[in-house]
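Here is how names work: the chains are called A, B, and so on, in the same order as the sequence lines, proteins then strands, and each is numbered from 1. Only heavy atoms go into these numbers, but all of them, side chains included; no hydrogens, no water, no symmetry mates.
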There are 2 protein chains.
Amino acid sequence: MPAEPLSRPRIVAAAIDLIEREGADAVSMRRIAADLGVGVMSLYNHVPNKSALLDGVAETVLSQIEFSDDPDADWTDRVRMQALAFRQIAHHYPRCTMVVVSRQLQSTAGLLPVERALATLRSAGFGGHEAVRILRVFIAYIVGSLLREVGVTPTFAPVHRSDLAVENVDPLLFPQVSGLAPMLVDCDHESEFEFGLGLLIQAIAVQLKR
Amino acid sequence: MPAEPLSRPRIVAAAIDLIEREGADAVSMRRIAADLGVGVMSLYNHVPNKSALLDGVAETVLSQIEFSDDPDADWTDRVRMQALAFRQIAHHYPRCTMVVVSRQLQSTAGLLPVERALATLRSAGFGGHEAVRILRVFIAYIVGSLLREVGVTPTFAPVHRSDLAVENVDPLLFPQVSGLAPMLVDCDHESEFEFGLGLLIQAIAVQLKR
DNA sequence: AGAGTCGCACGTACGGTGTACGTACGTCAA
DNA sequence: TTGACGTACGTACACCGTACGTGCGACTCT
(Lines give C-alpha, C1' and ligand atoms only; values in the text may rest on other atoms or scores of the structure.)
Protein backbone atom coordinates (compact mmCIF):
# COMPACT_ATOMS: atom_id res chain seq x y z
CA MET A 1 0.00 0.00 0.00
CA PRO A 2 2.63 2.59 0.90
CA ALA A 3 4.32 3.99 -2.19
CA GLU A 4 7.62 3.37 -0.47
CA PRO A 5 8.02 0.24 1.61
CA LEU A 6 8.97 0.41 5.24
CA SER A 7 12.69 0.28 5.91
CA ARG A 8 15.15 1.05 8.63
CA PRO A 9 16.35 4.29 7.03
CA ARG A 10 12.78 5.46 6.57
CA ILE A 11 12.01 4.73 10.21
CA VAL A 12 15.14 6.47 11.40
CA ALA A 13 14.34 9.46 9.23
CA ALA A 14 10.85 9.62 10.71
CA ALA A 15 12.35 9.49 14.19
CA ILE A 16 14.74 12.34 13.40
CA ASP A 17 11.90 14.36 11.96
CA LEU A 18 9.79 13.75 15.02
CA ILE A 19 12.58 14.65 17.41
CA GLU A 20 13.28 17.89 15.58
CA ARG A 21 9.61 18.80 15.48
CA GLU A 22 8.54 17.87 18.98
CA GLY A 23 11.60 16.96 20.98
CA ALA A 24 13.12 13.70 22.10
CA ASP A 25 10.44 13.14 24.72
CA ALA A 26 7.80 12.86 22.02
CA VAL A 27 9.47 9.82 20.54
CA SER A 28 7.53 6.64 20.97
CA MET A 29 7.21 3.63 18.75
CA ARG A 30 3.50 4.26 18.46
CA ARG A 31 4.01 7.84 17.47
CA ILE A 32 6.59 7.04 14.82
CA ALA A 33 4.39 4.33 13.41
CA ALA A 34 1.48 6.75 13.24
CA ASP A 35 3.63 9.33 11.45
CA LEU A 36 4.55 6.68 8.92
CA GLY A 37 0.95 5.55 8.55
CA VAL A 38 1.87 2.09 9.70
CA GLY A 39 1.11 -0.36 12.49
CA VAL A 40 3.28 -0.17 15.55
CA MET A 41 4.65 -3.66 15.36
CA SER A 42 5.66 -3.32 11.76
CA LEU A 43 8.55 -1.22 12.95
CA TYR A 44 9.99 -4.22 14.72
CA ASN A 45 10.55 -5.97 11.41
CA HIS A 46 13.28 -3.44 10.69
CA VAL A 47 14.49 -2.33 14.09
CA PRO A 48 15.08 -4.66 17.02
CA ASN A 49 13.99 -2.19 19.66
CA LYS A 50 13.68 1.46 20.53
CA SER A 51 17.22 1.75 21.80
CA ALA A 52 18.59 0.50 18.49
CA LEU A 53 16.39 2.99 16.71
CA LEU A 54 17.90 5.83 18.70
CA ASP A 55 21.34 4.43 17.94
CA GLY A 56 20.32 4.70 14.31
CA VAL A 57 19.35 8.31 14.84
CA ALA A 58 22.73 9.08 16.37
CA GLU A 59 24.55 7.20 13.68
CA THR A 60 22.68 8.94 10.88
CA VAL A 61 23.17 12.39 12.31
CA LEU A 62 26.82 11.73 12.99
CA SER A 63 27.47 10.41 9.51
CA GLN A 64 26.35 13.69 8.03
CA ILE A 65 29.30 15.58 9.39
CA GLU A 66 31.07 17.18 6.49
CA PHE A 67 34.76 17.65 6.81
CA SER A 68 36.28 19.82 4.19
CA ASP A 69 39.75 18.89 5.30
CA ASP A 70 42.50 20.80 3.57
CA PRO A 71 45.76 18.87 4.05
CA ASP A 72 47.78 21.92 3.13
CA ALA A 73 46.34 24.17 5.78
CA ASP A 74 48.00 24.77 9.10
CA TRP A 75 47.22 22.01 11.54
CA THR A 76 45.68 24.46 13.98
CA ASP A 77 43.20 25.49 11.33
CA ARG A 78 42.45 21.90 10.50
CA VAL A 79 41.69 21.09 14.11
CA ARG A 80 39.50 24.14 14.31
CA MET A 81 37.63 23.17 11.18
CA GLN A 82 36.97 19.67 12.42
CA ALA A 83 35.61 20.94 15.70
CA LEU A 84 33.40 23.41 13.89
CA ALA A 85 32.15 20.72 11.53
CA PHE A 86 31.13 18.71 14.53
CA ARG A 87 29.33 21.64 16.02
CA GLN A 88 27.65 22.53 12.76
CA ILE A 89 25.87 19.21 12.49
CA ALA A 90 24.57 19.63 16.01
CA HIS A 91 23.33 23.03 14.98
CA HIS A 92 21.52 21.45 12.06
CA TYR A 93 19.77 18.87 14.25
CA PRO A 94 19.57 20.77 17.50
CA ARG A 95 17.07 18.57 19.29
CA CYS A 96 18.82 15.39 18.21
CA THR A 97 22.05 16.54 19.78
CA MET A 98 21.20 15.22 23.20
CA VAL A 99 20.35 11.86 21.69
CA VAL A 100 23.61 11.73 19.76
CA VAL A 101 25.75 12.79 22.65
CA SER A 102 24.18 10.63 25.32
CA ARG A 103 24.46 7.42 23.38
CA GLN A 104 27.62 5.50 22.92
CA LEU A 105 27.42 3.82 19.58
CA GLN A 106 29.94 1.44 18.17
CA SER A 107 29.28 1.81 14.49
CA THR A 108 31.92 3.11 12.17
CA ALA A 109 29.92 6.29 11.78
CA GLY A 110 31.35 7.51 15.04
CA LEU A 111 34.85 6.41 14.21
CA LEU A 112 35.42 8.47 11.11
CA PRO A 113 35.69 11.79 12.93
CA VAL A 114 38.04 10.15 15.41
CA GLU A 115 40.23 8.84 12.64
CA ARG A 116 40.41 12.24 10.99
CA ALA A 117 41.19 14.03 14.20
CA LEU A 118 43.92 11.60 15.21
CA ALA A 119 45.48 11.80 11.78
CA THR A 120 45.52 15.57 11.92
CA LEU A 121 47.08 15.63 15.35
CA ARG A 122 49.74 13.11 14.46
CA SER A 123 50.59 14.93 11.27
CA ALA A 124 51.06 18.01 13.42
CA GLY A 125 53.77 16.14 15.28
CA PHE A 126 52.04 14.77 18.32
CA GLY A 127 52.78 11.26 19.47
CA GLY A 128 50.08 8.64 19.65
CA HIS A 129 49.55 8.94 23.35
CA GLU A 130 49.41 12.72 23.24
CA ALA A 131 47.06 12.68 20.27
CA VAL A 132 44.59 10.47 22.11
CA ARG A 133 44.69 12.61 25.22
CA ILE A 134 44.23 15.78 23.26
CA LEU A 135 41.38 14.29 21.29
CA ARG A 136 39.64 13.38 24.52
CA VAL A 137 40.00 16.92 25.79
CA PHE A 138 38.52 18.35 22.62
CA ILE A 139 35.65 15.91 22.60
CA ALA A 140 34.86 16.71 26.22
CA TYR A 141 34.86 20.41 25.45
CA ILE A 142 32.75 20.03 22.32
CA VAL A 143 30.21 17.75 23.95
CA GLY A 144 29.92 20.01 26.95
CA SER A 145 29.50 23.06 24.77
CA LEU A 146 26.86 21.42 22.64
CA LEU A 147 24.91 20.43 25.71
CA ARG A 148 24.93 24.04 26.81
CA GLU A 149 23.85 25.28 23.42
CA VAL A 150 21.08 22.75 23.20
CA GLY A 151 19.74 24.10 26.46
CA VAL A 152 20.54 21.08 28.55
CA THR A 153 22.96 21.82 31.33
CA PRO A 154 22.76 23.24 34.79
CA THR A 155 22.03 26.80 35.68
CA PHE A 156 25.47 28.03 34.79
CA ALA A 157 24.43 28.57 31.24
CA PRO A 158 20.95 29.98 31.33
CA VAL A 159 19.04 29.96 28.12
CA HIS A 160 18.49 33.27 26.44
CA ARG A 161 14.84 33.40 27.44
CA SER A 162 14.25 35.68 30.37
CA ASP A 163 15.83 33.51 32.98
CA LEU A 164 14.76 35.40 36.03
CA ALA A 165 16.50 33.07 38.43
CA VAL A 166 19.83 34.66 37.69
CA GLU A 167 18.65 38.21 37.66
CA ASN A 168 16.65 38.04 40.85
CA VAL A 169 19.39 36.52 42.88
CA ASP A 170 20.35 38.04 46.20
CA PRO A 171 23.20 40.51 45.49
CA LEU A 172 24.57 40.04 48.97
CA LEU A 173 24.88 36.28 48.79
CA PHE A 174 25.94 36.20 45.17
CA PRO A 175 27.65 39.48 44.32
CA GLN A 176 29.45 38.15 41.27
CA VAL A 177 26.48 36.34 39.80
CA SER A 178 24.31 39.34 40.48
CA GLY A 179 26.73 41.82 39.03
CA LEU A 180 27.47 39.78 35.95
CA ALA A 181 23.87 38.72 35.41
CA PRO A 182 23.52 40.39 32.01
CA MET A 183 26.53 38.53 30.72
CA LEU A 184 25.41 35.27 32.25
CA VAL A 185 21.98 35.56 30.75
CA ASP A 186 22.76 36.12 27.13
CA CYS A 187 25.30 34.06 25.36
CA ASP A 188 26.54 34.14 21.79
CA HIS A 189 27.07 30.44 21.48
CA GLU A 190 29.11 30.65 18.35
CA SER A 191 31.63 33.13 19.68
CA GLU A 192 31.75 31.38 23.05
CA PHE A 193 32.49 28.10 21.34
CA GLU A 194 35.23 29.57 19.23
CA PHE A 195 36.73 31.30 22.23
CA GLY A 196 37.21 28.06 24.11
CA LEU A 197 38.32 26.32 20.96
CA GLY A 198 40.98 28.97 20.50
CA LEU A 199 42.14 28.52 24.06
CA LEU A 200 42.53 24.80 23.63
CA ILE A 201 44.31 25.06 20.31
CA GLN A 202 46.66 27.62 21.67
CA ALA A 203 47.33 25.41 24.66
CA ILE A 204 48.21 22.36 22.62
CA ALA A 205 50.32 24.47 20.28
CA VAL A 206 52.39 25.44 23.29
CA GLN A 207 52.48 21.80 24.30
CA LEU A 208 53.83 20.88 20.88
CA LYS A 209 56.78 23.21 21.10
CA ARG A 210 58.49 21.05 23.71
CA MET B 1 3.19 4.31 60.97
CA PRO B 2 6.64 5.18 59.62
CA ALA B 3 9.00 6.18 62.39
CA GLU B 4 9.92 9.19 60.32
CA PRO B 5 7.18 10.97 58.41
CA LEU B 6 7.35 11.35 54.68
CA SER B 7 9.08 14.48 53.48
CA ARG B 8 10.67 15.89 50.38
CA PRO B 9 14.24 15.35 51.59
CA ARG B 10 13.47 11.77 52.49
CA ILE B 11 11.96 11.15 49.06
CA VAL B 12 14.90 12.75 47.29
CA ALA B 13 17.31 10.70 49.37
CA ALA B 14 15.47 7.55 48.44
CA ALA B 15 15.68 8.54 44.78
CA ILE B 16 19.42 9.13 45.01
CA ASP B 17 19.86 5.81 46.74
CA LEU B 18 17.86 4.05 44.09
CA ILE B 19 19.74 5.71 41.24
CA GLU B 20 23.09 4.76 42.72
CA ARG B 21 21.99 1.20 43.35
CA GLU B 22 20.19 0.44 40.10
CA GLY B 23 20.74 3.31 37.72
CA ALA B 24 18.59 6.21 36.60
CA ASP B 25 16.39 4.01 34.45
CA ALA B 26 15.16 2.17 37.52
CA VAL B 27 13.63 5.34 38.92
CA SER B 28 9.88 5.32 39.00
CA MET B 29 7.45 6.82 41.44
CA ARG B 30 6.13 3.37 42.25
CA ARG B 31 9.58 2.04 42.94
CA ILE B 32 10.56 4.91 45.19
CA ALA B 33 7.32 4.60 47.07
CA ALA B 34 7.92 0.89 47.53
CA ASP B 35 11.43 1.54 48.81
CA LEU B 36 9.99 3.96 51.33
CA GLY B 37 7.22 1.55 52.31
CA VAL B 38 4.60 4.04 51.26
CA GLY B 39 1.76 4.42 48.78
CA VAL B 40 2.64 5.86 45.40
CA MET B 41 0.41 8.87 45.59
CA SER B 42 1.65 9.87 49.00
CA LEU B 43 4.77 11.11 47.28
CA TYR B 44 2.74 13.75 45.48
CA ASN B 45 1.99 15.44 48.76
CA HIS B 46 5.61 16.48 48.93
CA VAL B 47 6.75 16.58 45.33
CA PRO B 48 4.70 18.04 42.48
CA ASN B 49 5.89 15.54 39.89
CA LYS B 50 8.69 13.28 38.86
CA SER B 51 10.59 15.99 37.05
CA ALA B 52 10.69 18.12 40.17
CA LEU B 53 11.90 15.11 42.11
CA LEU B 54 14.82 14.71 39.74
CA ASP B 55 15.50 18.41 40.06
CA GLY B 56 15.68 17.77 43.76
CA VAL B 57 18.17 14.99 43.16
CA ALA B 58 20.37 17.28 41.07
CA GLU B 59 20.07 20.06 43.59
CA THR B 60 20.95 17.84 46.52
CA VAL B 61 23.93 16.30 44.81
CA LEU B 62 25.17 19.65 43.62
CA SER B 63 24.84 21.20 47.06
CA GLN B 64 27.25 18.66 48.47
CA ILE B 65 30.20 20.01 46.57
CA GLU B 66 32.85 20.88 49.07
CA PHE B 67 35.13 23.72 48.20
CA SER B 68 38.10 24.05 50.42
CA ASP B 69 38.95 27.40 48.93
CA ASP B 70 42.23 28.83 50.12
CA PRO B 71 42.22 32.56 49.35
CA ASP B 72 45.97 32.74 49.74
CA ALA B 73 46.75 30.11 47.17
CA ASP B 74 47.67 30.91 43.62
CA TRP B 75 44.60 31.54 41.51
CA THR B 76 45.53 28.74 39.13
CA ASP B 77 45.49 26.30 42.01
CA ARG B 78 42.18 27.64 43.21
CA VAL B 79 40.63 27.16 39.81
CA ARG B 80 42.05 23.66 39.67
CA MET B 81 40.69 22.85 43.11
CA GLN B 82 37.22 24.04 42.23
CA ALA B 83 37.15 21.97 39.09
CA LEU B 84 38.35 18.92 40.98
CA ALA B 85 35.74 19.49 43.68
CA PHE B 86 33.10 19.45 41.01
CA ARG B 87 34.45 16.26 39.58
CA GLN B 88 34.78 14.66 42.97
CA ILE B 89 31.10 14.95 43.75
CA ALA B 90 30.31 13.31 40.43
CA HIS B 91 32.68 10.57 41.41
CA HIS B 92 30.81 10.15 44.67
CA TYR B 93 27.43 9.84 42.95
CA PRO B 94 28.50 8.35 39.65
CA ARG B 95 25.12 7.25 38.41
CA CYS B 96 23.47 10.50 39.44
CA THR B 97 25.88 12.47 37.33
CA MET B 98 23.88 12.14 34.16
CA VAL B 99 20.80 13.33 36.00
CA VAL B 100 22.63 16.33 37.43
CA VAL B 101 24.24 17.31 34.18
CA SER B 102 21.24 16.89 31.92
CA ARG B 103 18.93 18.98 34.02
CA GLN B 104 18.95 22.72 34.15
CA LEU B 105 17.88 23.73 37.58
CA GLN B 106 17.36 27.23 38.74
CA SER B 107 17.80 26.84 42.45
CA THR B 108 20.55 28.59 44.29
CA ALA B 109 22.27 25.23 44.78
CA GLY B 110 23.65 25.52 41.29
CA LEU B 111 24.63 29.12 41.72
CA LEU B 112 27.08 28.76 44.55
CA PRO B 113 29.80 27.09 42.49
CA VAL B 114 29.29 29.74 39.83
CA GLU B 115 29.69 32.51 42.35
CA ARG B 116 32.88 31.00 43.71
CA ALA B 117 34.35 30.47 40.31
CA LEU B 118 33.58 33.95 39.11
CA ALA B 119 35.03 35.46 42.27
CA THR B 120 38.22 33.48 41.85
CA LEU B 121 38.61 34.49 38.24
CA ARG B 122 37.98 38.12 38.94
CA SER B 123 40.40 38.16 41.82
CA ALA B 124 42.93 36.75 39.41
CA GLY B 125 42.51 39.86 37.34
CA PHE B 126 40.04 38.91 34.67
CA GLY B 127 37.29 41.29 33.69
CA GLY B 128 33.67 40.37 34.10
CA HIS B 129 33.15 39.49 30.50
CA GLU B 130 36.27 37.37 30.34
CA ALA B 131 35.43 35.64 33.61
CA VAL B 132 32.05 34.57 32.30
CA ARG B 133 33.48 33.30 29.06
CA ILE B 134 36.20 31.38 30.82
CA LEU B 135 33.74 29.91 33.27
CA ARG B 136 31.63 28.66 30.39
CA VAL B 137 34.63 26.99 28.82
CA PHE B 138 35.51 25.24 32.05
CA ILE B 139 31.97 24.10 32.63
CA ALA B 140 31.76 22.73 29.12
CA TYR B 141 34.98 20.84 29.60
CA ILE B 142 34.00 19.50 33.00
CA VAL B 143 30.55 18.43 31.92
CA GLY B 144 31.89 16.76 28.81
CA SER B 145 34.56 14.97 30.80
CA LEU B 146 32.09 13.74 33.39
CA LEU B 147 29.84 12.38 30.70
CA ARG B 148 32.75 10.42 29.32
CA GLU B 149 33.69 9.12 32.75
CA VAL B 150 30.18 8.10 33.52
CA GLY B 151 30.20 6.04 30.38
CA VAL B 152 27.78 8.10 28.41
CA THR B 153 29.26 9.54 25.28
CA PRO B 154 29.87 8.36 21.77
CA THR B 155 32.41 5.81 20.67
CA PHE B 156 35.31 8.16 21.05
CA ALA B 157 35.69 7.22 24.66
CA PRO B 158 35.08 3.53 24.92
CA VAL B 159 34.57 2.15 28.35
CA HIS B 160 37.32 0.01 29.74
CA ARG B 161 35.33 -3.17 29.28
CA SER B 162 36.51 -5.11 26.26
CA ASP B 163 35.18 -2.76 23.63
CA LEU B 164 35.86 -4.87 20.63
CA ALA B 165 34.43 -2.33 18.22
CA VAL B 166 37.61 -0.29 18.38
CA GLU B 167 40.02 -3.17 18.30
CA ASN B 168 38.39 -5.00 15.44
CA VAL B 169 38.23 -2.00 13.17
CA ASP B 170 39.58 -2.25 9.65
CA PRO B 171 43.22 -1.10 9.78
CA LEU B 172 43.06 0.07 6.18
CA LEU B 173 40.07 2.31 6.62
CA PHE B 174 41.04 3.54 10.06
CA PRO B 175 44.79 3.30 10.42
CA GLN B 176 45.01 5.74 13.30
CA VAL B 177 42.16 4.28 15.29
CA SER B 178 43.48 0.82 14.68
CA GLY B 179 47.03 1.66 15.60
CA LEU B 180 46.10 3.58 18.71
CA ALA B 181 43.42 1.13 19.80
CA PRO B 182 45.13 0.21 23.07
CA MET B 183 45.30 3.85 24.10
CA LEU B 184 41.75 4.50 22.98
CA VAL B 185 40.43 1.57 24.90
CA ASP B 186 41.81 2.18 28.34
CA CYS B 187 41.61 5.56 29.92
CA ASP B 188 42.80 6.82 33.27
CA HIS B 189 39.99 9.25 33.79
CA GLU B 190 41.65 11.10 36.60
CA SER B 191 44.86 11.83 34.75
CA GLU B 192 42.99 12.60 31.54
CA PHE B 193 40.83 15.08 33.39
CA GLU B 194 43.78 16.79 34.98
CA PHE B 195 45.61 16.90 31.69
CA GLY B 196 42.84 18.89 30.01
CA LEU B 197 42.38 20.99 33.10
CA GLY B 198 46.05 21.86 33.01
CA LEU B 199 45.80 22.81 29.35
CA LEU B 200 42.90 25.13 30.02
CA ILE B 201 44.47 26.75 33.03
CA GLN B 202 47.69 27.29 31.16
CA ALA B 203 45.75 28.80 28.28
CA ILE B 204 43.92 31.32 30.40
CA ALA B 205 47.09 32.15 32.27
CA VAL B 206 48.58 33.15 28.93
CA GLN B 207 45.41 35.07 28.18
CA LEU B 208 45.78 36.96 31.45
CA LYS B 209 49.26 38.21 30.66
CA ARG B 210 48.02 40.63 28.03
C1' DA C 1 1.47 -25.17 -12.37
C1' DG C 2 1.65 -26.47 -7.50
C1' DA C 3 3.74 -26.53 -3.10
C1' DG C 4 6.46 -24.74 0.17
C1' DT C 5 8.93 -21.11 2.39
C1' DC C 6 9.73 -16.69 3.87
C1' DG C 7 9.33 -11.72 4.88
C1' DC C 8 6.54 -8.29 6.27
C1' DA C 9 2.33 -5.78 8.08
C1' DC C 10 -0.70 -5.96 11.64
C1' DG C 11 -3.82 -6.84 16.04
C1' DT C 12 -3.99 -8.21 20.56
C1' DA C 13 -2.29 -8.41 25.06
C1' DC C 14 0.74 -7.83 29.20
C1' DG C 15 3.20 -5.45 32.46
C1' DG C 16 5.01 -1.19 33.22
C1' DT C 17 4.79 4.16 33.54
C1' DG C 18 3.12 9.20 35.45
C1' DT C 19 -0.45 11.23 37.65
C1' DA C 20 -5.64 13.14 38.23
C1' DC C 21 -9.10 12.33 41.38
C1' DG C 22 -11.84 10.86 45.34
C1' DT C 23 -11.67 9.23 49.97
C1' DA C 24 -10.57 8.45 54.76
C1' DC C 25 -8.29 9.53 58.82
C1' DG C 26 -5.46 12.07 61.90
C1' DT C 27 -4.50 16.76 64.33
C1' DC C 28 -5.30 21.31 65.44
C1' DA C 29 -8.61 26.05 65.93
C1' DA C 30 -12.64 28.14 67.06
C1' DT D 1 -18.16 20.02 69.46
C1' DT D 2 -17.46 21.27 64.99
C1' DG D 3 -15.11 22.42 61.34
C1' DA D 4 -11.03 22.88 58.35
C1' DC D 5 -6.94 21.07 56.81
C1' DG D 6 -2.96 18.21 55.77
C1' DT D 7 -1.59 13.78 54.75
C1' DA D 8 -1.77 8.79 53.26
C1' DC D 9 -3.79 5.90 50.19
C1' DG D 10 -6.59 3.19 46.33
C1' DT D 11 -8.51 3.44 42.01
C1' DA D 12 -8.47 4.66 37.29
C1' DC D 13 -6.82 6.42 32.84
C1' DA D 14 -3.90 7.11 29.09
C1' DC D 15 0.27 5.94 27.42
C1' DC D 16 4.52 3.23 26.96
C1' DG D 17 7.73 -0.88 24.93
C1' DT D 18 7.35 -5.15 23.09
C1' DA D 19 6.30 -10.63 23.05
C1' DC D 20 3.46 -13.34 20.39
C1' DG D 21 0.33 -15.09 16.84
C1' DT D 22 -2.00 -14.45 12.38
C1' DG D 23 -2.58 -13.61 7.57
C1' DC D 24 -1.19 -12.27 3.12
C1' DG D 25 1.78 -11.60 -0.87
C1' DA D 26 5.96 -12.82 -3.39
C1' DC D 27 9.43 -15.83 -4.46
C1' DT D 28 11.83 -20.53 -5.11
C1' DC D 29 12.02 -25.20 -6.19
C1' DT D 30 10.18 -29.17 -8.12
Under-3.5 Å donor-acceptor pair between B:R30 side chain and C:dG16 base: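 Side chain to base: no pair present.
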Full working for ring-ring contact (aromatic ring centres under 6.0 Å, His included) between B:Y141 and B:F193: CA-CA 9 Å; B:Y141 172 67; B:F193 182 78; 5.6 Å; yes
Are [X] and [N] close enough that a side-chain N or O sits under 4.0 Å from OP1 or OP2?
X	N	result
B:S28	C:dT17	yes
B:S42	D:dT7	no
A:H46	C:dG7	no

Spacing of [X] atom [atom1] relative to [N] atom [atom2], expressed in whole Å:
X	N	atom1	atom2	answer
A:R10	C:dA9	CZ	P	9 Å
B:K50	D:dC15	NZ	C1'	14 Å
B:Y44	C:dA20	OH	C1'	10 Å
A:N45	C:dG11	CG	C1'	13 Å
B:L43	D:dA8	CG	P	9 Å
B:M29	D:dT11	CE	C1'	17 Å
B:N49	D:dC15	CG	C1'	17 Å

side-chain contact (heavy atoms from CB on, under 4.5 Å) evaluation trace for B:L118 with A:F174: CA-CA 10 Å; B:L118 289 175; A:F174 301 98; over 6 Å; no
Stem regions touching DNA chain D, defined by at least 3 consecutive Watson-Crick or wobble G-U pairs below 3.5 angstrom: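 For DNA chain D the paired stretches long enough to count as stems (3 pairs minimum) are C:3-28 with D:3-28.
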Exercise: identify the closest heavy-atom pair between A:A15 and A:L53: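 Scanning both residues, the minimum pair turns out to be CB-CD2, 3.4 Å.
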